[in-house]
Amino acid sequence: MNNHRICRPRPAHHAFPGTGFGIKSLVAGMSVALVFLAGCGPSPRSTSSDGGTLQPRNVDQSTAVWPQFTEATAAGLDFKHQLADGKLDNIMESDGAGGACLDYDGDGFIDVYLVNSGPAPVLSDASAETPRWPNRLYRNRGNGTFEDATERAGVAGHGFGTTAAAADYDNDGDTDLLVVNFGGLILYQNQGDGTFKDVTTEAGLMSKQAGISATFLDADRDGHLDLFVANYLVYDPAVKSPPGTQVPYPGPLSYPPETNLFYHNRGNGTFEEIGERIGIRIPGHRGMSVTTFDYDVDGDEDLYVSNDATPNLLLANDGQGHFQDVAMQCGVAFDQFGRAAGTMGAAIGDINGDGLPDMLVTRFGNASLYLNSPQGVFTDHITDAGILQVSSEYVGWGGNLLDIENDGDLDVFIANGDPHSMAGSPSLLLANEGQGNFVNISKFAGTFFQRRLNGRGSGALDFNNDGRMDLLITTLGGPAVLLQNRGETLHHWLKLQLVGTRGNRDGFGARVEVTAGTRTWVAQARCPTSYVFQQDPRLHFGLGTNAVISRIRVLWPSGQTQELTQTGVDRILRLEEPRQL
């Protein structure tokens with residue numbers, strides 16, 4: 001990649017240079033299907049009048065009424081993560097397992113797939129007779145409850161699982177499922193009838209490495225989703241902590257690193273591993289997660305790789321699917337103190353309302369809140385934002401940016417846990433005051449936040465399509481927890497499901513701008529993976545008290561610009577890319 005592409009200034013209008021975005025004629029007659037429409041109740045906390053320019057609210061926490069999150073125990077998500085030997089005694093077991101949110105049956109409701117670690121030679125001290133608990137696929141019935149569809153769908157999995165990623169890799173209209181294991185991958189092709197077929201071998205995904213994260217993206221914009229797999233380390237049970245140390249197992253630097261993999265989608269159902277050729281195989285790192293986003297707003301998808309105890313990577317895409325690490329130049333390799341503490345994952349979103357993608361990064365150490373700039377250079381705002389003070393005493397694993405009130409600001413959720421014991425920690429919920437500054441509302445948001453759990457993965461989702469963002473958390477050796485957002489609000493919302501026709505079917509890489517009142521919200525469609533979890537892939541916009549959307553503008557990876565005007569709110573729109581320029 002040429003150096004002039006690194007952290008360069010953007011055009012003032014944030015169009016995608018070199019792609020034709022902004023100069024193609026706008027396409028009329030968009031294909032739009034209304035999937036769901038719902039209203040919301042009143043909220044005593046709303047202080048904005050039109051959802052316009054963000055202003056600090058300085059709300060008195062003692063009198064404010066915040067959204068309440070309650071554990072949806074009757075929903076039927078009865079998953080429990082298997083810690084097969086019953087104890088936490090090595091670094092591989094500590095990482096836990098997560099899953100993915102997906103709509104595998106295409107009914108408009110988000111289903112959930114959760115991954116189990118299980119017993120495994122070398123990785124677990126469990127006896128050879130110990131049965132492996134299955135991965136579980138929960139089908140959303142559409143009435144607020146789930147049913148276990150694992151056996152019928154044929155996705156119980158095998159091996160020591162860590163996470164999953166979901167996307168339509170073959171562009172046939174059905175969401176497929178990738179399972180990531182320590183020791184291999186499983187690719188389940190959706191058959192379109194509620195069942196899946198294991199096509200790992202014929203697809204060419206024959207890795208034997210310690211996979212810990214994966215994400216789909218169309219790196220070269222050929223219309224087919226490629227696959228990035230982040231691998232962890234080469235575990236050796238003979239490596240032990242020195243006598244007299246306080247931790248039960250050595251840290252990541254005691255083990256050799258693995259290398260990451262990049263599988264190029266040939267478009268015929270098979271993949272080719274080309275990591276060395278395209279610049280992503282950077283030695284010396286132990287990956288924990290991978291996240292896609294267009295950090296420099298040039299129309300292609302870049303990659304952020306969170307590493308354990310080494311600097312993180314920001315892999316800038318040159319637009320042709322070749323990458324160069326620019327993390328040092330762009331300010332996201334280290335935390336604000338210049339340290340490379342163990343990083344878990346990154347959540348992406350526009351935190352301060354300036355139209356640029358920012359990052360919340362969770363760590364074994366101090367978290368980071370990287371605010372982007374027009375030059376593509378980030379500043380760690382974690383201290384000024386008010387997050388460091390409340391998060392630094394915990395080890396953060398899963399992290400999410402979501403609008404809990406639909407007031408137009410992205411709030412923060414962090415799932416905390418202990419890396420060396422089963423003691424557990426409370427999770428954190430922090431409300432955005434309007435300009436990327438946060439207040440800790442955990443003790444006001446429900447009894448769950450008083451519980452000490454060994455949290456690992458977490459994802460934001462709207463499981464009942466009521467327009468309020470819910471949360472799903474996985475725990476180490478414990479049950480998954482579904483938190484239902486029961487907040488009452490006068491604030492409006494919009495949710496978009498994109499369907500590509502000229503590019504990849506999921507629309508990954510598309511930039512969406514939603515204008516209502518005096519404000520424009522910006523988001524990118526992508527495979528939303530973070531630490532061992534993929535959240536609801538639909539784009540959700542809190543709109544404040546705006547009752548009409550004046551414009552929705554989509555800049556598709558194919559080069560098309562699509563607009564819709566004067567749109568209603570409080571609904572889910574299925575937006576299909578026009579087939580003709």
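- For Phe196, the ring pair (Phe, Tyr, Trp, His ring centres under 6.0 Å) partners two or more places apart in sequence, or in a different chain, are Tyr104.
- Remark: the Asp220 side chain and the His322 side chain contain no N/O donor-acceptor pair separated by less than 3.5 Å.
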Test side-chain contact (heavy atoms from CB on, under 4.5 Å) on Thr163 and Tyr113 and set out the steps. CA-CA 9 Å; Thr163 189; Tyr113 185 76; over 6 Å; no
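- Under the 4.5 Å side-chain criterion, counting only non-hydrogen atoms from C-beta, Ile414 is not in contact with Trp397.
- The backbone N or O of Gly299 lies less than 3.5 Å from a partner atom in the side chain of Arg221, making a donor-acceptor pair.
- A side-chain donor-acceptor contact under 3.5 Å links Trp556 and Gln562.
- Side-chain polar atoms of Arg526 and Gln524 form no donor-acceptor pair below 3.5 angstrom.
- In this structure a side-chain-to-backbone donor-acceptor pair under 3.5 Å is missing from Asn464 to Gly144.
- Taking the six-membered ring wherever Trp is involved, the centroid distance between the rings of Phe541 and Trp521 does not fall below 6.0 Å.
- For the residue pair Gln535 and Asn400, a side-chain donor N or O sits within less than 3.5 Å of a side-chain acceptor on the partner.
- Without hydrogens or angle criteria, Asn171 side chain to Arg505 main chain gives a donor-acceptor distance under 3.5 Å.
- For Arg538, the salt bridge (Lys or Arg N to Asp or Glu O under 4.0 Å) criterion is met by Asp536, not counting sequence neighbours.
- Between the side chain of Asn181 and the backbone N or O of Leu185, no donor-acceptor pair lies under 3.5 Å.
- If you check the side chains of Asn372 and Tyr295, you find no donor sitting under 3.5 Å from an acceptor.
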Before you tell me yes or no, could you show the steps for Thr474 and Phe533 under side-chain contact (heavy atoms from CB on, under 4.5 Å), namely the whole-Å CA-CA distance, both residues' side-chain angles and the distance that decides it to 0.1 Å? CA-CA 9 Å; Thr474 62; Phe533 212 92; 4.0 Å; yes
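- Remark: Glu272 pairs with Arg277 by the salt bridge (Lys or Arg N to Asp or Glu O under 4.0 Å) rule, at least two apart or across chains.
- Not a single side-chain hydrogen bond (donor to acceptor under 3.5 Å, both in side chains) links His224 to another residue, sequence neighbours left out.
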Quick one: do His491 and Asp403 satisfy side-chain hydrogen bond (donor to acceptor under 3.5 Å, both in side chains)? Show the steps, please. CA-CA 11 Å; His491 294 150; Asp403 189 346; over 6 Å; no
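- The pair Glu577-Arg579 fails the salt-bridge criterion, with no side-chain N (NZ, NE, NH1 or NH2) lying under 4.0 Å from an Asp/Glu carboxylate O.
- Partners of Thr515 according to the side-chain contact (heavy atoms from CB on, under 4.5 Å) rule, which considers only residues two or more places apart in sequence or in another chain, are Thr520, Ser550, Arg551.
- Every residue two or more places apart in sequence or in another chain that forms a salt bridge (Lys or Arg N to Asp or Glu O under 4.0 Å) with Asp78 is listed here: Arg136.
- Checked for salt-bridge contact, Asp462 and Lys495 meet the test: a charged N lies under 4.0 Å from a carboxylate O.
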Before giving the answer on side-chain contact (heavy atoms from CB on, under 4.5 Å), spell out for Leu575 and Val499 the whole-Å C-alpha distance, their side-chain angles and the decisive distance to 0.1 Å. CA-CA 6 Å; Leu575 198 57; Val499 180; over 6 Å; no
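- Using cut-offs of 30° and 60° for the angle between ring planes, the Phe262 and Phe323 rings count as tilted.
- Looking at Asp300, its side chain does come within 3.5 Å of a backbone N or O of Gly319 through a donor-acceptor pair.
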